[in-house]
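Presented below is the structure to which this report refers.
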Amino acid sequence: MAEPKLGQPVSRRLGALLVREGLIDNEQLARALQEQKGSNDKLGSILVKLNLVTDEKLIEFLSRQYGIQSITLSQLDVDPDVLKLVPEQLARKYEVLPVKRQGNQLTLAMGDPTNVFALDDVGFMTNLQVVPMVTSQAAIRKAIDRAYESQGGTMADLVSEFEGAAADVELVDGGEESAAKVDVFELKESADEAPIVRLINMILVDAIRRGASDIHLEPYEKVFRVRFRVDGVLHEIMTPPKRLEAALTSRVKIMSNLDIAERRLPQDGRIKLRFKERDIDFRVSTLPTIFGEKTVMRILDKESLQLDLAMLGFDPWCLEQFTRAIHNPHGMILITGPTGSGKTTTLYSAIHTINSPDINIMTAEDPVEYNLKGVNQVQINEEIGRTFAGALRAFLRQDPDVILVGETRDLETAQIGIRAALTGHLVLTTLHTNDCPSTVARLLDMGIPPFLVSSSLMLILAQRLGRRVCKDCKQPYEADEETLVPYGHIPQGLGKVNFYKGKGCATCSFTGMRGRVAIYEVMPASQEIRDLIIRNAPAVELGEMAQAQGMKTLRQNALQKVLDGMMTVEEVLRVTLG
């Protein structure tokens, strides 16, 4: 019988062929077929596992059967540049491994060299001619684990269940733009190609699984890279071929109902996906750069939203002061911190805590990130004149009890908010300042008279987010409390204590950090603080008075979390000022 050619179906089943070759007998075949039931493993892999045939003999047989060369992977070290040509999720999905590149040819080790989908997708991704070589399923799985783990896990943890994950992604709310121009039509056509759709779906799913907050698709002169922000830190995930840049960007634009023909101006959109019975929103922003359009997707996962104040990371004193403030009938509460410091979560948690059928709560947000039951939420749209100040004026005619203003950006919004706080409304809003005392200075700089700030202000809360030590691999080491004093810690007489750091494990992607904890600085507006504000006292004096009355600075609060085993000293220094 002539050897079958690559791409043609083998005339007999593998088991029967192995029996004919004398490598196994019919009894052994029956045993292997029974073992294979309910398993995703191929028959050859089962035979090796049962020690009915050796890996070497199986590979030799497959090479003859398929009419292509075999390859032994156990001692093979793959060039990192070659490995980068095929993303890890693709290698695991099809059980393939790039092993060598010569000119425009890529040698690909495969467990099943008749898988034309694998050959087509790898050829499309790399723009190279794929030359397959055969090996066993068990050997290629081990080689993939070894090769990609040594590269730091390009898209780690996309295991066998990920094969169907991309198919589980359903676009709930989106649209497709039609365009008359030929180039736009071609762009849309390429964006709708199956490998492009699968790759974008894989990126979205992997970001959700890693708990990422943002996805960055970034074009540079010669490369195109994908980065995820996980626990506040950006990690490079993969570098798709530069030639796929336009198609990947266009695919995201189509999903978010943006104009794929417009590449000169920034655009904003939204994607709503359903993944494994979960509705997840992605806030999409595109920005033209000198080498192409950069796309950032903010992930808004309702299931990950923590609305319990007690679980956010407040120490008992801070929690008591903040809880008391949000239950007051009127006054202004200010929450400060940079973008991505968790202000929205704290605001939503406060609203969730006080929300009840007998309270009218109204919010003005840009954008509305999560829908809150029983709360009237308004989306700011400055293009049509729906500004924070305009929304706030309208709120006051809607009989509100509690008003949330997403951000106080200008004097007009600040003035209306303060007047609302003085006329019987509880007002919660945010400012971009570094700490509590400087927030007062910011309001005064905006032009608010000191007596109005003093009369309306109830509490200021500054916050940051720091990475937690991974719970699965945290290890103690002995240290002295005094070592924290140079960083601003006030000694408590603890002496020798245990600090913790993460060793690194699969759960935390070998970073030693997993999840985040909030760090708070809470400054209640006591009578002494109000008097200092009326006198226009400097921020330093306000800070000294607040600390004398029990306030801990952000640095002090963070260092306490080191003593509690939640954070490392290095992480504290990264996220707080001394």
*What's the verdict on side chain to side chain contact (heavy atoms under 4.5 Å, CB included) for Glu541 and Leu532, showing C-alpha distance, side-chain angles and the deciding distance?*
CA-CA 8 Å; Glu541 196 172 336; Leu532 290 174; 3.3 Å; yes
_Using side chain to side chain contact (heavy atoms under 4.5 Å, CB included), reason through Val233 and Arg467 one step at a time and then give a plain yes or no._
CA-CA 9 Å; Val233 178; Arg467 292 181 295 170; 3.7 Å; yes
_Audit row: Leu542, Ile529, side chain to side chain contact (heavy atoms under 4.5 Å, CB included) steps and yes/no_ = CA-CA 7 Å; Leu542 283 170; Ile529 295 290; 4.1 Å; yes
*Take Arg270 and Asp281 through the test salt bridge (charged side-chain N to carboxylate O under 4.0 Å, His left out) and record every step on the way to the result.*
CA-CA 7 Å; Arg270 199 159 188 159; Asp281 286 349; 3.4 Å; yes
*Check step by step if side chain to side chain contact (heavy atoms under 4.5 Å, CB included) holds for Leu404 and Met362.*
CA-CA 6 Å; Leu404 185 154; Met362 310 200 70; over 6 Å; no
*Derivation of the side-chain hydrogen bond (donor to acceptor under 3.5 Å, both in side chains) call for Glu521 and Gln547*: CA-CA 10 Å; Glu521 175 180 296; Gln547 289 185 61; over 6 Å; no
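Residues Ile200 and Met255 form a side-chain contact, since some pair of their non-hydrogen atoms from C-beta on lies under 4.5 Å apart. At a threshold of 4.5 Å between non-hydrogen side-chain atoms, the residues Cys436 and Leu461 do not count as touching. Considering only heavy atoms from C-beta on, Thr289 comes within 4.5 Å of Pro219 through its side chain. Contact check for Pro437 versus Val540: no side-chain heavy atoms found under the 4.5 Å cut-off. Under the 4.5 Å side-chain criterion, counting only non-hydrogen atoms from C-beta, Val378 is not in contact with Thr363. Between Met238 and Leu199, the closest side-chain pair of non-hydrogen atoms falls below 4.5 Å. Counting only heavy atoms from C-beta outward, the side chains of Leu258 and Val252 never approach each other to under 4.5 Å. Within the 4.5 Å cutoff, side-chain heavy atoms of Leu484 are placed close to those of Val569.
Side-chain atoms of Asp231 come within 3.5 Å of backbone atoms of Gly515 as a donor-acceptor pair (strictly under, hydrogens ignored). Between the Lys242 side chain and the Tyr220 main chain, a donor and an acceptor come within less than 3.5 Å of each other. His425 places no side-chain N or O within 3.5 Å of a backbone atom of Val402 that could act as its donor or acceptor partner. The closest donor-acceptor contact from the side chain of Arg468 to the backbone of Gly565 lies at 3.5 Å or more, if one exists at all. Between the side chain of Arg555 and the backbone N or O of Tyr487 there is at least one donor-acceptor pair closer than 3.5 Å. Remark: the backbone N or O of Arg409 is not paired with any side-chain donor or acceptor of Thr413 at under 3.5 angstrom. Between the side chain of Arg283 and the backbone N or O of Met297 there is no donor-acceptor pair closer than 3.5 Å. At least one donor-acceptor pair closer than 3.5 Å links the side chain of Asn381 to the backbone N or O of Glu383. A donor-acceptor pair under 3.5 Å is absent between the side-chain atoms of Glu407 and the main chain of Leu431, judged by distance alone. Looking only at distances, a side-chain donor or acceptor of Asp401 sits under 3.5 Å from a matching main-chain atom of Asn360.
In this structure, CD1 on Ile237 lies 9.5 Å from CD1 on Ile215, to the nearest 0.5 angstrom. Tyr370 OH to Thr345 OG1: the interatomic distance, rounded to the nearest 0.5 Å, is 6.5 Å. The CD1 atom of Ile361 sits 11.0 Å away from atom CD1 of Ile403, with the distance rounded to the nearest 0.5 Å. A distance of 8.5 Å separates NZ of Lys471 from CE of Met566, quoted to the nearest 0.5 Å. Atom CG of Leu422 and atom CZ of Arg419 lie 9.5 Å apart (nearest 0.5 Å). Within the model, atoms CZ of Phe228 and CG of Asp206 stand 4.5 Å from one another, a figure rounded to the nearest 0.5 Å.
Among Thr439, Thr408, Thr339, Thr336, the one residue that satisfies the side-chain contact (heavy atoms from CB on, under 4.5 Å) test with His432 is Thr339. Among the candidates Thr346, Val522, Ile519, Asn557, the single residue satisfying the side-chain contact (heavy atoms from CB on, under 4.5 Å) test with Gln463 is Thr346.
Scanning all heavy atoms of the two residues, the minimum distance from Leu392 to Gly417 falls at CD2-N, 3.6 Å. Across all non-hydrogen atoms, the minimal contact from Ala421 to His330 is O-CB, 3.8 Å. Shortest non-hydrogen contact noted between Val405 and Thr429 is O-OG1, 3.0 Å. Closest non-hydrogen pair, Val517 versus Gly313, comes out as CG2-CA, 4.4 Å. A pairwise comparison of heavy atoms in Leu309 and Ala350 identifies CD2-N, 4.3 Å as the closest pair. When all heavy atoms are compared, the tightest approach of Gln377 to Leu372 is OE1-N, 2.8 Å.
Using a 4.0 Å cut-off between charged nitrogen and carboxylate oxygen, Arg264 and Glu262 count as a salt-bridge pair. Remark: Arg574 does not engage Glu570 in a salt bridge, criterion side-chain N to carboxylate O under 4.0 Å. Taking a cutoff of 4.0 Å between a charged side-chain nitrogen and a carboxylate oxygen, Glu293 and Arg263 do not qualify as a salt bridge. With respect to Arg227 and Glu236, no salt bridge is recorded, no charged nitrogen being found less than 4.0 Å from a carboxylate O. One finds no salt bridge joining Arg535 and Asp531 here, because no Lys/Arg side-chain nitrogen approaches an Asp/Glu carboxylate oxygen to under 4.0 Å.
Side-chain atoms of Gln549 and Glu544 form no donor-acceptor pair, as typed in the model, at a separation below 3.5 Å.
For the pair Lys474 and Tyr500, the cation-pi criterion (under 6.0 Å, within 45° of the ring axis) is fulfilled.
Within the structure, side chain to side chain donor-acceptor pair (under 3.5 Å) contacts touching residues 442-457 (residues at least two apart or in different chains) do not occur.
For Phe314, the ring pair (Phe, Tyr, Trp, His ring centres under 6.0 Å) criterion is met by Phe322, Tyr520, not counting sequence neighbours.
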